[in-house]
Amino acid sequence: MAEQENEELASSDLGTLDFWEHAYAQELDNFRDHGDVGEIWFGAANSRKIVRWIATKLDLNKECDKIIDVGCGNAMTLVELAKEGFANLMGVDYSQKAVNLARMILNDNNLSNVKLEVCDILNNTLPHDFKLVHDKGTYDAISLSPEDPTVKRQKYIENIHRILLPKGYLVLTSCNWTKEELLKHFTNYFEFESQLPTDTFQFGGQTGNVVTQLVFRKK
Ligand SMILES: C[S@@+](CC[C@H](N)C(=O)[O-])C[C@H]1O[C@@H](n2cnc3c(N)ncnc32)[C@H](O)[C@@H]1O
């Protein structure tokens, strides 16, 4: 038991709906005031890199294949995916305010065809026909939950597995877990496919990744 507890991250406000509702209330005000889309988690260049990777390295039909961004926040990844020509896009977030912001930003980009839904990925009735799930920072946020993070992480993995088509892709970006840790969490349900190159830094003679970006395929 003690060993399992040690495998969890220290809990944080970022693991609560309250935190995100407050954060997106502020970002909604900013967007209305001066058109600022808010935080691009892990940076805009990084976000574009993932989208380019999805568009060029994965076996996808841009017209038909359904792509869902779980914990889509302000929907900027969906905007980038649409710019790459993906036509069957959906975003979900458990924060109503995030979805309100996402809708305004999508409309501003003439992307009212992108579907949006308020949805807790841990407890959802989403269809089971997605070819790709994109997650940037949402598994991280769930991992920081002050209550039952082990149970929630497991539920997340099972739910993502369920909504994907056979051999569907999970493209995951994390700043809290290493590649080795993510492989340990996911490989009962997913096969590891590839790792995106990440910017690394040196500290005390050791090189470490800033973020871990992995592509898995549903088993
Ligand atoms: C670090 S932010 C990343 C937002 C977005 N993916 C991005 O890259 O800008 C984490 C997001 O996950 C959402 N989130 C956290 N737990 C969730 C859950 N159980 N179901 C759906 N969304 C969740 C939060 O509301 C927040 O928008």
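Indexing begins at 1, ligand by ligand and atom by atom, following the structure's order. Here the structure is a predicted model, which is why all the values come from computation and not from measurement.
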Which atoms of ligand 1 are found less than 4.0 Å from any heavy atom of Gly73?
-> 27 (O)

Tyr189, Phe192: one ILVMFWY side-chain cluster at the under-4.5 Å cut-off?
-> yes

Salt bridge check: are Glu191 and Lys167 linked by an N-O gap of less than 4.0 Å?
-> yes

Sequence neighbours excluded, which residues qualify as side-chain contact (heavy atoms from CB on, under 4.5 Å) partners of Glu147?
-> Ser145, Lys152

Verify the cluster assignment for Val151 and Tyr156: are they in a single hydrophobic cluster under the rule of side-chain heavy atoms below 4.5 Å apart?
-> no

Shortest heavy-atom approach to atom 23 (C) of ligand 1 - which of Trp41, Trp20, Tyr94 = Tyr94

Give the atoms of ligand 1, by number and element, whose distance to some non-hydrogen atom of Cys72 is under 4.0 Å.
-> 5 (C)

Within 6.0 angstrom of Lys219 NZ, more than 12 heavy atoms from elsewhere | yes

Only heavy atoms count here, so choose which of Leu144, Thr138, Leu17, Ile142 is nearest to atom 11 (C) of ligand 1.
-> Thr138

Using a strict 4.0 Å cut-off to heavy atoms of Asp120, name the atoms of ligand 1 that fall inside it.
-> 18 (C), 19 (N), 20 (N)

For a quick test of your reading: what N or O donor-acceptor pairs under 3.5 Å do the side chains of residues 88-102 make, sequence neighbours left out?
unit_1, atom_1, unit_2, atom_2, d
Asn88, ND2, Cys64, O, 2.9
Asp93, OD1, Ser95, N, 3.0
Asp93, OD2, Cys72, N, 3.4
Asp93, OD2, Gly73, N, 2.9
Tyr94, OH, Leu17, N, 3.2
Ser95, OG, Glu21, OE1, 2.6
Ser95, OG, Lys97, N, 3.3
Ser95, OG, Ala98, N, 3.0
Gln96, NE2, Asn100, OD1, 2.9

For atom 20 (N) of ligand 1, which protein heavy atom lies nearest, and how many Å away is it?
-> Ile121 N, 3.0 Å

Specify side chain, backbone, both or neither for Tyr156, according to which of its non-hydrogen atoms lie closer than 4.0 Å to ligand 1.
-> neither

For Gly71, counting its heavy atoms only, list the atoms of ligand 1 lying under 4.0 Å from any of them.
-> 4 (C), 5 (C), 6 (N), 11 (C), 12 (O), 13 (C), 22 (N)

How far apart are the C-alpha atoms of Ile68 and Ile163, what are their side-chain angles, what is the distance that settles it, and do they pass the side-chain contact (heavy atoms from CB on, under 4.5 Å) test?
-> CA-CA 10 Å; Ile68 184 167; Ile163 66 173; 4.2 Å; yes

Test side-chain contact (heavy atoms from CB on, under 4.5 Å) on Leu60 and Tyr169 and set out the steps.
-> CA-CA 10 Å; Leu60 293 166; Tyr169 297 101; 4.0 Å; yes

Nearest neighbour in protein (non-hydrogen) for atom 7 (C) of ligand 1 = Lys136 NZ, 3.6 Å

Going by the order shown, which atoms of ligand 1 are within less than 4.0 Å of some heavy atom of Cys119?
-> 20 (N), 21 (C)

Candidate with minimal heavy-atom separation from atom 27 (O) of ligand 1, of Val92, Thr16, Asp93 | Asp93

